[in-house]
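Whatever order the structure lists ligands and atoms in, that order sets their numbers, starting from 1.
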Amino acid sequence: MSKLQSIKGMNDILPDQSPTWQYLESTFRKVVARFAYREIRFPILEHTQLFKRSIGEVTDIVEKEMYSFADRNGDNLSLRPEGTAGCVRAADQHGLLYNQTQRLWYQGPMFRREKPQKGRYRQFQQFGVEAFGMAGPDIDVEILQLGTALWQALALTEYLSLEINNIGSAQDRQRFGAALTAFLEPRAEQLDEDARRRMYTNPLRVLDSKNPAVQEALQGAPELADFVSEESATHYQRLRELLESLGIEYRENPRLVRGLDYYNNCVYEWTTESLGAQGAVCGGGRYDGLVQQLGGRPTLAAGFAIGAERLVLMLDSLDKVAASYRQSVDVYLVAIGDGSTEKSLALATALRGAYPQLRILSHCGGGKYNNQLKRAFASGAALAVILESEAAGSEVVEAARIRRLDDSGETVRVALDAVVATIGEYLTKSEA
Ligand code: AMP
């Protein structure tokens, strides 16, 4: 029978790769805690309607990329393609948005049926932050400070650059969209099928087209910047002033629009050149209309989402994860002969109790001395503790050898009841 494989674009994270993930996850958690954000968890599966109403019916995600299916009772459900919609649904459903501010973070898998390639997968992890109830731009800047602090903590600052843009209010974009439709109508022949349809349903999405013919047809099209209201422009101006006063570097990119419909005013993206084509590692902005659009009271909101796989790729290729993170065993217990098994397992318990920070591996399954020692070396442990019966055929184990698993091969013999204390001395020496 042929073996089953994982689904294309949905990756396993193997033990050798997990240290980078753990490092990234723990660093993210520390940084969000420093900014007093609190964790929210919400389901991976939601009603399809939630994503249609938030991300937008006429977007690549909703039109082409969602994993949707009819539940057994006929409900239309989808695997979440991003976190903001579910976060807003959960926060509103449980009354977290009424008359109060919230600073929240989440982490988890998202699903989009995109063409898999380096940095682009069908199941991927996002870390996100969302802030509710604040008009900004101070909160927008706080969120950008949080991103900046994360890059600093990961030592990635020099590889990332921040791009920002003002995409105006929903009304501004409606007026701009109408102007865009009017501009495109006489050029319909130059457009492809997608663009011809979107020209009426969601003209801003025509701007995203990768088709050179469509980009050609867009030459001389109206510019969003000319439709942005004064209020939105003032917000954006103040945001830039605050960023400058804090020394947060940015570049303005008037073409930055984002692939989700719910954004307004300032949007931003951190990109890198070290990953090739999939250079965006974090994207976000304000989405002041979304809560109301999903049936809640009008609630100001802003946030961003980080693509974890892309950061993992960066951390690994730039060798940013400390070797100690990759260490999985500190002390390897070698047990030779029947009599040593019980002593070795008991010693492991004693060591784990005395030094909870140490990773103790107790060899199981028996085997010859040389084979066990080979495993001890291969484990990366710094020390081996070898228990062996006093004489062939005897079950008496009274002493142990503690061996450094380095070139020195230094070995000491100590009484069994002195092993725990002696390991403690080794620890003090290696810390000194
Ligand atoms: P978005 O939700 O589209 O704004 O994406 C936010 C971030 O998630 C992007 O900047 C990427 O880093 C990451 N991302 C989006 N789609 C994928 C994907 N298919 N595979 C891996 N990462 C992704």
Side-chain angles (χ1 to χ4, degrees), residues 6-13 17 20-21 24-25 28 42 44 46 50-51 54-56 58-67 78-88 105-130 143-144 146-147 150-151 154 156 159-165 167 204-205 208 210 253 255-264 266-287 290 301-317:
S6 63
I7 299 165
K8 212 167 135 194
M10 303 203 176
N11 300 320
D12 302 307
I13 296 169
Q17 301 162 319
T20 311
W21 281 92
L24 177 58
E25 284 163 3
F28 177 74
F42 40 89
I44 285 169
E46 297 269 4
L50 174 68
F51 304 116
S54 53
I55 298 166
V58 189
T59 55
D60 278 350
I61 296 179
V62 169
E63 282 186 337
K64 304 174 189 166
E65 297 170 0
M66 282 210 295
Y67 285 93
S78 295
L79 287 172
R80 60 185 187 193
E82 56 98 57
T84 302
C87 180
V88 167
W105 69 268
Y106 62 84
Q107 174 201 339
M110 308 295 162
F111 303 83
R112 294 182 196 173
R113 204 174 190 292
E114 296 197 78
K115 192 161 174 259
Q117 51 189 290
K118 184 183 169 197
R120 172 162 287 165
Y121 310 103
R122 289 179 170 178
Q123 175 175 336
F124 58 99
Q125 288 270 339
Q126 283 186 340
F127 300 116
V129 300
E130 315 286 2
I143 290 170
L144 293 169
L146 192 156
L150 180 64
W151 317 140
L154 295 169
L156 292 177
Y159 306 97
L160 290 167
S161 42
L162 173 63
E163 293 186 349
I164 64 171
N165 189 25
I167 61 168
L204 268 76
R205 289 269 85 91
D208 294 345
K210 305 257 173 344
N253 176 0
R255 306 211 66 145
L256 182 66
V257 286
R258 317 271 307 114
L260 305 90
D261 278 353
Y262 50 66
Y263 287 108
N264 66 282
C266 54
V267 294
Y268 34 81
E269 222 164 65
W270 264 286
T271 58
T272 180
E273 290 182 355
S274 67
L275 286 179
Q278 307 309 325
V281 301
C282 174
R286 293 200 67 85
Y287 51 93
L290 182 57
F304 71 45
I306 294 170
E309 279 77 4
R310 296 184 189 176
L311 282 181
V312 165
L313 283 168
M314 288 181 79
L315 290 168
D316 281 342
S317 66

Checking F51 now: which residues fulfil ring pair (Phe, Tyr, Trp, His ring centres under 6.0 Å) with it, not counting sequence neighbours? none

Going by the closest heavy atom to [atom], which one wins out of [options]?
{"atom": "atom 10 (O) of ligand 1", "options": "P81, G284, A280", "answer": "A280"}
{"atom": "atom 2 (O) of ligand 1", "options": "R113, E114, E65, R112", "answer": "R112"}
{"atom": "atom 22 (N) of ligand 1", "options": "F304, F124, Y263", "answer": "F124"}

For the pair F127 and F28, name the ring-plane relationship: parallel under 30°, tilted 30 to 60°, perpendicular over 60°. parallel

What are the atoms of ligand 1, with element, lying closer than 4.0 Å to any heavy atom of A305? 6 (C), 7 (C)

Going by the order shown, which atoms of ligand 1 are within less than 4.0 Å of some heavy atom of G119? 20 (N), 21 (C), 22 (N)

I would like to know whether R120 and K115 meet side chain to side chain contact (heavy atoms under 4.5 Å, CB included); could you show each step before the answer? CA-CA 7 Å; R120 172 162 287 165; K115 192 161 174 259; 5.6 Å; no

For ligand 1, note which part of Q126 has a heavy atom under 4.0 Å away: side chain, backbone, both or neither. side chain

What residues, two or more places apart in sequence or in another chain, satisfy side-chain contact (heavy atoms from CB on, under 4.5 Å) together with Q123? M10, P109, F111

Are more than 12 heavy atoms from other residues, nucleotides or ligands located less than 6.0 Å from atom CZ of R113? no

